[in-house]
Number of protein chains: 2
Amino acid sequence: MQLSCIIIIVMKIINPLEVERKLKLLGCRQTKTRTEILKILNCPQPFSALEIKQRLSYCQIVVNKTTIYRELAFLLQKNIINEVVFKDGIKRYELKLEKHSHHLVCLSCHQIKRVVLENVLIKQEKQISQQLNFKIIDHSLEFYGLCDCCSKKHF
Amino acid sequence: MQLSCIIIIVMKIINPLEVERKLKLLGCRQTKTRTEILKILNCPQPFSALEIKQRLSYCQIVVNKTTIYRELAFLLQKNIINEVVFKDGIKRYELKLEKHSHHLVCLSCHQIKRVVLENVLIKQEKQISQQLNFKIIDHSLEFYGLCDCCSKKHF
DNA sequence: TTATCTGCAAAATATTTGCAAAGCA
DNA sequence: TGCTTTGCAAATATTTTGCAGATAA
């Protein structure tokens, strides 16, 4: 019999010092932009490049969009962040965790909640690889609906 | 005990006459562009607006890109097609089926195989709605990896 | 005949590239 | 000092909008 799955809501992500240590280990420089972008991404919700730019400007930090796109490409390549795409087709970024995560996207307020579902799709992935000879490397699973707050508002 | 899941590979989609009847029922006109776009979408693989434009031009049919985008928005609104987004952030379109479908995206040859997985995520969706008060309306589940052909090439 | 559909030009939005200047170690 | 990072301008890609003219029923 299958165990019921475990849902973990991702709340706070990571100790900033841990990321800094990892960057130093990889021989990367520690710049203001890099530190500030990582601070913003240390959050349970993924952000797009332009959302990051906007959030930086809230803190009086003006960074060119090109720099942000390049910094995100850099962090992606260093395996420090993930890229996720939802139905709107915009690329969003979040800190990489040990466990693969999924998302609950509210169709009303557009808030995104990051969750970890344990023991999910294991059987299906095995079946797909066995029956269709498709070697699965990764998957994306996102749920769309109404968050607690919005579903109460709608009725 | 949970039954093993059933995988259905979507091969041919639908009788074109069925779509035409549905369009007539909805009071829509039958135009050359509409017919041709639906012919292209009658395929196990979703296509982007510009891929459709390209495929039309292969058949000597020249249609403005604006028309294609508008036609897709029209068919979407009439519930005849689905919009799907993969990791590249490009919107792709496919004929709507009774059953929700998922996709196997080959990271090497970029072929997309449409599949129907029965009895998948039912338990997880129930748990998410009960434990997190998130009312799920829809989900997207896509697998990325190597198709049979490409995984053989890689070794 | 008339509501629907289409093409063209231009705009909006997200992302990328080249090059020269600035800055961290 | 030298390599990495940054800003600016311009290019590219996808998608959207306004308007005038064409077309299916």
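These figures come from a predicted structure and were not determined experimentally. Below, chain A is the first sequence line, B the second, and so on; all start at residue 1.
- Judged purely by atom type and a 3.5 angstrom limit, His100(A) has no side-chain atom pairing as donor or acceptor with the backbone of Asp138(A).
- Applying the side chain to side chain contact (heavy atoms under 4.5 Å, CB included) rule to Val85(B) yields the partners Val85(A), Lys91(B); only residues at least two apart in sequence or on another chain are considered.
- At a threshold of 4.0 angstrom between heavy atoms, the contacts of Thr31(B) are confined to the sugar-phosphate backbone, with no base atom among them.
- Ion pairing between Lys87(B) and Glu142(B) fails under the 4.0 Å rule for side-chain N and carboxylate O.
- Across all strands, Arg70(A) comes closer than 4.0 Å to base atoms (heavy-atom distances).
- Comparing Gly89(B) and Cys28(B) along DNA chain D, the residue whose closest nucleotide (by nearest heavy atom) sits nearer the 5' end is Gly89(B).
- Atom CG of Leu56(B) is separated from atom C1' of dG7(C) by 15 Å (rounded to the nearest Å).
- Checked against His103(A) for a side-chain hydrogen bond (donor to acceptor under 3.5 Å, both in side chains), the options Arg92(A), Glu94(A), Gln45(A) give a single hit: Glu94(A).
- When the side chains of ILVMFWY residues are joined at heavy-atom separations under 4.5 Å, either directly or via intervening members, Ile90(A) and Phe47(A) end up in two distinct hydrophobic clusters.
- Between Asn64(B) and the phosphate of dT6(C), there is no side-chain N or O to OP1/OP2 separation shorter than 4.0 Å.
- To the nearest angstrom, P of dT15(C) lies 8 Å from CD of Glu83(A).
- Going from atom NZ of Lys53(A) over to atom P of dT16(C) covers 16 Å, rounded to whole Å.
- Heavy atoms of Ser48(A) sit nowhere under 4.0 angstrom from any nucleic acid atom.
- Summarising the geometry, the separation between CD1 on Ile37(A) and C1' on dT5(D) is reported as 12 Å, rounded to the nearest angstrom.
- Between dT6(C), dG7(C), dT15(D), one nucleotide has an atom nearer to the side chain of Thr33(B) than all others, and that is dT6(C).
- Looking at Lys53(A), its side chain never comes within 3.5 Å of a backbone N or O of Asn64(A) through a donor-acceptor pair.
- In this structure, Tyr69(B) reaches the dT15(D) phosphate: one of its side-chain N or O atoms is under 4.0 Å from OP1 or OP2.
- One interatomic measurement links the two molecules: NZ of Lys91(A) to C1' of dT16(C), which rounds to 10 Å at whole-angstrom precision.
- The base of dT4(C) sits with one of its N or O atoms less than 3.5 Å from a complementary donor or acceptor on the side chain of Arg29(B).
- Atom-to-atom, CD1 of Ile61(B) to P of dT6(C) comes out at 12 Å; the value is rounded to the nearest Å.
- Side-chain atoms of Ala49(A) lie closest to dT15(C) of the nucleotides dT14(D), dC19(C), dT15(C).
- Nearest nucleotide to the Arg34(B) side chain, out of dA14(C), dC8(D), dC5(C): dC5(C).
- Counting distance only, with no hydrogens placed and no angle test, the side-chain atoms of Lys65(B) and the base atoms of dT15(D) include a donor-acceptor pair under 3.5 Å.
- One can place CD1 of Ile68(B) at 12 Å from C1' of dT15(D), the figure rounded to the nearest angstrom.
- Arg55(A) places none of its side-chain heavy atoms less than 4.5 Å from the side chain of Cys59(A).
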Could you go through the side chain to side chain contact (heavy atoms under 4.5 Å, CB included) check for Leu132(A) and Val115(B) one step at a time? CA-CA 10 Å; Leu132(A) 307 182; Val115(B) 296; 4.1 Å; yes
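- Straight-line distance from the CZ atom of Arg92(B) to the C1' atom of dT14(D): 12 Å, rounded to whole Å.
- Between the axis at the start and the axis at the end of the helix from dT1(C)-dA25(D) to dA25(C)-dT1(D) there is an angle of 30°, using five pairs per end and rounding to 10 degrees.
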